[in-house]
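Below you'll find the structure, written out as structure tokens, and then a few comments.
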Amino acid sequence: MFRSQLPAVDASAIPADATLLDVREGDEWAAGHAEGALHIPMGEVVARIGELPEGGTVHVVCRVGGRSAQVTQYLIGQGVDAVNVSGGMLDWESAGRPVVDDSGAEGYVL
């Protein structure tokens, strides 16, 4: 099966001020997410695409990179400059990047 290469970036290489779109489900988000990330579950991206900031690169993240790859492919098709976060939130956490829960306390990746 042929699969085109999606643009991807390692979690450790994402700038602190980057737009990060988390496409995981609500329970995953509540347990732990990157501070300042935008949360739009994968199933809601089509309906909520207007919530993405205009201009700049959107870094799409899920738990390990599968769902975010699908969303990245969709966004690129819509003309959005999107890139998949390789390894997802698991790599984000293991790279020592901060993870917070809904209250702002230290969170964990579910």
Side-chain angles (χ1 to χ4, degrees):
M1 180 176 174
F2 175 77
R3 186 176 169 132
S4 62
Q5 277 295 102
L6 278 178
V9 65
D10 289 330
S12 60
I14 298 172
D17 62 348
T19 298
L20 189 65
L21 171 63
D22 191 323
V23 299
R24 296 175 301 148
E25 295 301 314
D27 58 336
E28 295 173 290
W29 167 267
H33 55 270
E35 192 168 19
L38 172 62
H39 180 228
I40 303 177
M42 181 177 173
E44 299 176 19
V45 169
V46 174
R48 297 176 58 190
I49 193 169
E51 295 178 32
L52 294 175
E54 292 189 26
T57 302
V58 176
H59 298 78
V60 188
V61 67
C62 64
R63 185 171 189 267
V64 295
R67 288 173 285 178
S68 56
Q70 293 177 55
V71 171
T72 299
Q73 189 169 27
Y74 169 76
L75 292 176
I76 290 170
Q78 303 305 305
V80 176
D81 179 12
V83 61
N84 189 35
V85 177
S86 301
M89 284 301 296
L90 289 178
D91 278 7
W92 178 276
E93 188 176 47
S94 66
R97 306 292 298 258
V99 176
V100 297
D101 66 14
D102 273 348
S103 70
E106 186 174 340
Y108 61 93
V109 177
L110 185 63

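Hydrogens, waters and symmetry mates play no part in the numbers below; they use all other heavy atoms, side chains included. Bear in mind that the values here come from a model prediction, so they are computed numbers and not experimental data.
Among pairs with a residue in residues 14-41, those fulfilling salt bridge (Lys or Arg N to Asp or Glu O under 4.0 Å) read Asp22-Arg24, Glu28-Arg67, at least two apart in sequence or across chains. Here ring pair (Phe, Tyr, Trp, His ring centres under 6.0 Å) pairs that include residues 6-50, with residues two or more places apart or in two chains, are Trp29-His33, Trp29-His39. Applying the salt bridge (Lys or Arg N to Asp or Glu O under 4.0 Å) rule to pairs touching residues 36-45 yields Glu44-Arg48, sequence neighbours excluded.
Taking hydrophobic clusters as Ile, Leu, Val, Met, Phe, Trp and Tyr residues chained together by side-chain heavy-atom distances below 4.5 Å, Met42 shares a cluster with Tyr74. Val100 and Tyr108 fall into different hydrophobic clusters, defined by Ile, Leu, Val, Met, Phe, Trp and Tyr side-chain heavy atoms under 4.5 Å apart, directly or through other members. Val46 is connected to Val80 through a chain of hydrophobic side-chain contacts under 4.5 Å among Ile, Leu, Val, Met, Phe, Trp and Tyr, so both are in one cluster.
Within the 4.5 Å cutoff, no side-chain heavy atoms of Val71 are placed close to those of Ile40. No side-chain heavy atom of Val85 sits under 4.5 Å from any side-chain heavy atom of Thr72.
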Would you give me the side-chain donor-acceptor pairs under 3.5 Å for residues 89-96, sequence neighbours excluded?
| from | atom 1 | to | atom 2 | distance (Å) |
| --- | --- | --- | --- | --- |
| Trp92 | NE1 | Pro98 | O | 2.9 |
| Glu93 | OE2 | Val109 | N | 3.4 |
| Ser94 | OG | Leu90 | O | 3.2 |
| Ser94 | OG | Asp91 | O | 3.2 |

Please set out all donor-acceptor pairs under 3.5 angstrom arising from side-chain atoms of residues 6-15, sequence neighbours excluded.
none

Please tabulate, for side-chain N and O atoms in residues 54-66, each donor-acceptor pair with protein atoms closer than 3.5 Å (sequence neighbours left out).
| from | atom 1 | to | atom 2 | distance (Å) |
| --- | --- | --- | --- | --- |
| Thr57 | OG1 | Asp81 | OD2 | 2.8 |
| His59 | ND1 | Thr19 | O | 3.2 |
| Arg63 | NE | Leu110 | O | 3.0 |

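Residues that satisfy the side chain to side chain contact (heavy atoms under 4.5 Å, CB included) test with Ala47, not counting sequence neighbours, are absent from this structure.
To the nearest 0.5 Å, atom CD of residue Glu51 and atom CG of residue Leu38 are 6.5 Å apart.
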